[in-house]
Amino acid sequence: MINKRINTLCVHGGKDTNNSTGSITVPVYQSATFAHPGVGESTGYDYSRLQNPTREVLERTIALLEGGTDAMAFSSGMAAMAVLCELFSPGDHIIATNDLYGGSVRYLNHVAQKNGIAVDYVDTGNTETVKQCIRPNTKAVFVETPSNPMMLITDIAAVADICRRNGILLIVDNTFLTPIFQRPLESGADIVLHSGTKYLGGHNDTLAGFLVTADSDLSERLRFLYKTIGACLAPWDSYLILRGIKTLAIRMERITENAVKIAEWLSGHRKVRAVHYAGKGGMISFEVDRAETARNVLSSVKTILYAESLGGVESLITYPILQTHADVPEDVREALGINDRLMRLSVGIEDVNDLIYDLEEALR
Ligand SMILES: *Cc1c(COP(=O)(O)O)cnc(C)c1O
């Protein structure tokens with residue numbers, strides 16, 4: 001399922017071309033600025049908002065993993081989202097998946113719309129619907145697949161085809177599946193967005209975000225915004241994400257193994273009404289019989305932690321209605337099935353029997 005090449009890329013990544021010491025890991029260049037050898041000369045590094053040697057190795061690694069030519073590392077996924085949206089101008093229109101990460105919905109509804117960008121939320125899993133929603137001023141389709149939290153699937157290649165015919169950008173949030181399971185640029189997407197806080201970092205110890213592209217014009221426009229806006233990832237955090245990525249492939253493998261077993265077990269439980277799982281990765285949403293059962297699970301799990309976020313080695317469970325999706329309008333939530341009986345589980349790398357035992361006790 002996982003090819004060898006990507007396993008190796010995770011471990012060896014983008015090489016540190018500045019290092020002649022033989023050090024196996026990338027040094028943390030904790031420097032804000034860099035001295036110039038002479039007037040009009042540069043070592044290639046001027047100021048850490050533009051380039052930093054540690055961050056650069058991370059960026060090269062992410063670009064390689066996603067099959068892109070350039071990746072930019074941000075201080076969080078939302079910082080990447082904010083810079084991405086600066087590609088658009090007042091009067092532009094964006095089509096977005098109707099079941100997005102709640103923070104992305106908050107950004108689009110309260111920041112992008114205020115800046116004159118219109119957003120339509122549609123079921124991007126239905127390519128006909130996407131086609132019908134394109135207006136003369138449509139500039140991009142923003143897709144999250146599998147969607148969050150309902151795990152609905154969008155056919156990236158099919159939407160990419162529509163976008164290409166209409167001269168609009170396809171942007172894919174690849175946080176859930178990571179390049180281990182899904183490489184949107186290879187299916188025709190123009191830009192990939194990541195919350196590196198999640199699987200890429202993998203240890204719940206720092207925030208990060210990425211934008212990746214294989215298009216030199218987009219790379220140039222995004223790099224300009226990147227240095228101008230300044231939401232760049234710090235050297236130490238870059239080091240932590242690089243360290244996390246070394247085990248990305250093996251974590252995704254174990255996480256999927258665990259998640260497949262848990263999804264199967266949940267499906268057979270008498271208090272579970274529905275299980276949403278994409279068949280790979282570690283994200284499972286499930287609906288129980290009553291709100292009381294959900295609240296009871298959240299307050300009685302022990303190995304699994306009741307916390308926001310996902311993608312780490314620790315299994316976490318959240319209550320989308322109160323946490324990640326609290327800012328999604330209520331009627332939208334209802335229509336999607338984000339109700340007070342729905343929980344979202346991020347499966348970690350613990351022993352699967354301990355995780356199932358924990359859920360069994362909590363569902364009693
Ligand atoms: C968490 C998340 C984000 C936002 O990333 P932060 O690093 O929390 O700012 C965006 N998209 C998805 C799918 C996420 O899970």
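Only this structure's heavy atoms are used, side chains among them; waters, hydrogens and symmetry mates stay out. In listed order, ligands and their atoms are each counted from 1.
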**Q.** Any N or O of E144 closer than 3.5 Å to N or O of ligand 1
**A.**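 No - when backbone and side-chain N and O of E144 are compared with those of ligand 1, no distance drops under 3.5 Å.
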- prompt: Polar-atom distance check: L193 versus ligand 1, any N or O pair below 3.5 Å?
  reply: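 No, no N or O pair falls under 3.5 Å.
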Run down the list T175, D173, T197 and name the one with the heavy atom closest to atom 11 (N) of ligand 1.
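It is D173 whose heavy atom sits nearest to atom 11 (N) of ligand 1.
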* Below 4.0 Å from any atom of ligand 1, is there a heavy atom belonging to T324? ->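 Contact check T324 vs ligand 1: negative.
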- Item | K114 NZ/CZ over Y107 ring centroid, <6.0 Å and within 45° of normal |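 Relative to the ring axis of Y107, which defines the angle, K114 lies outside at least one limit.
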Here's one to test your reading of the geometry: is the NZ or CZ of R223 within 45 degrees of the ring axis of Y226 and under 6.0 Å from its centre?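 That pair qualifies as a cation-pi contact.
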If the cut-off is 4.0 Å to any non-hydrogen atom of [X], which atoms of ligand 1 fall inside it?
X: A208; result: 7 (O)
X: G77; result: 5 (O), 6 (P), 7 (O), 9 (O)
X: L310; result: 15 (O)

Which bit of K198 gets closer than 4.0 Å to ligand 1, counting heavy atoms only: side chain, backbone, both or neither?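 Answer for K198: side chain.
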Checklist entry - How far is atom 9 (O) of ligand 1 from its nearest protein heavy atom, and which residue and atom is that? => result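 For this ligand atom, the closest protein heavy atom is M78 N, 2.9 Å.
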Atom 10 (C) of ligand 1: the protein heavy-atom neighbour that sits closest, reported with distance to 0.1 Å: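 Minimum-distance protein heavy atom for atom 10 (C) of ligand 1 reads Y101 CD2, 3.5 Å.
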Just by distance, with hydrogens left out, do [X] and [Y] show a side-chain donor and acceptor under 3.5 Å apart?
X: Y121; Y: N109; value: yes
X: E56; Y: Y45; value: yes
X: T175; Y: D173; value: yes

Exercise for review: Indicate yes or no: does R135 engage D120 in a salt bridge with an N to O separation below 4.0 Å.
Suggested key: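 Answer for the salt bridge query: yes.
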Going by side chain to side chain contact (heavy atoms under 4.5 Å, CB included), F176 matches just one of K198, M151, H194. Which one?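 Per the side chain to side chain contact (heavy atoms under 4.5 Å, CB included) rule, the option paired with F176 is M151, out of K198, M151, H194.
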